[in-house]
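Encoded as structure tokens, the structure appears first; notes follow it.
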Amino acid sequence: TGSTPVAVGVEYILDGNREQVFQVYARKKVILCGGSTQNVGILQRSGVGPTALLQNLNIPVVVNNPEVGANLQNHYGTSAIIDVSEVAPG
């Protein structure tokens, strides 16, 4: 009735078996730590995100927040290992 929804726990399935659904409740707070890309998906599957997107995916909208996933970017990186133990003469 006009109040802001608050996460009180999580619901999960074990080993992909949808017949084993578990619910865990927090004593104080729920902290979402799925990384930059997983957090967006978790929030959206939970009904938090842009209304149009959630409705297109048949996910009930809990909170319309167009910012969820709006600035998601891949950050590409490379790494190199260079062996400099042998120095060329000169």
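None of the values given here were measured: they were computed from a predicted structure.
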Can you see which heavy atom on L53 is nearest to which on Q44, and at what distance? CD2-NE2, 3.5 Å
For P5 and V62, work out which heavy atoms get closest and say how close. CG-CG1, 3.7 Å
Between V10 and L14, is there shared hydrophobic-cluster membership here, with clusters defined by ILVMFWY side-chain heavy atoms closer than 4.5 Å? yes
Go through the structure and list residues passing ring-ring contact (aromatic ring centres under 6.0 Å, His included) with Y25, not counting sequence neighbours. none
Tested for side-chain contact (heavy atoms from CB on, under 4.5 Å) against V48, the lone hit among L43, V61, I42, L32 is L43
To the closest 0.5 Å, what do you measure between OG (S46) and CD1 (I59)? 8.5 Å
Distance, nearest 0.5 Å, that separates CD1 of I13 from CZ of F22: 10.5 Å
Side-chain donor/acceptor pairs under 3.5 Å, residues 63-72, sequence neighbours excluded:
from	atom 1	to	atom 2	distance (Å)
N64	OD1	T51	N	3.1
N64	OD1	T51	OG1	3.0
N65	OD1	E67	N	2.9
N71	OD1	Q73	NE2	3.1

State whether the number of non-hydrogen atoms from other residues, nucleotides or ligands found under 6.0 Å of L57 atom CG is greater than 12. yes
Do V24 and Y12 make a side-chain contact, defined as non-hydrogen atoms from C-beta onward lying under 4.5 Å apart? yes
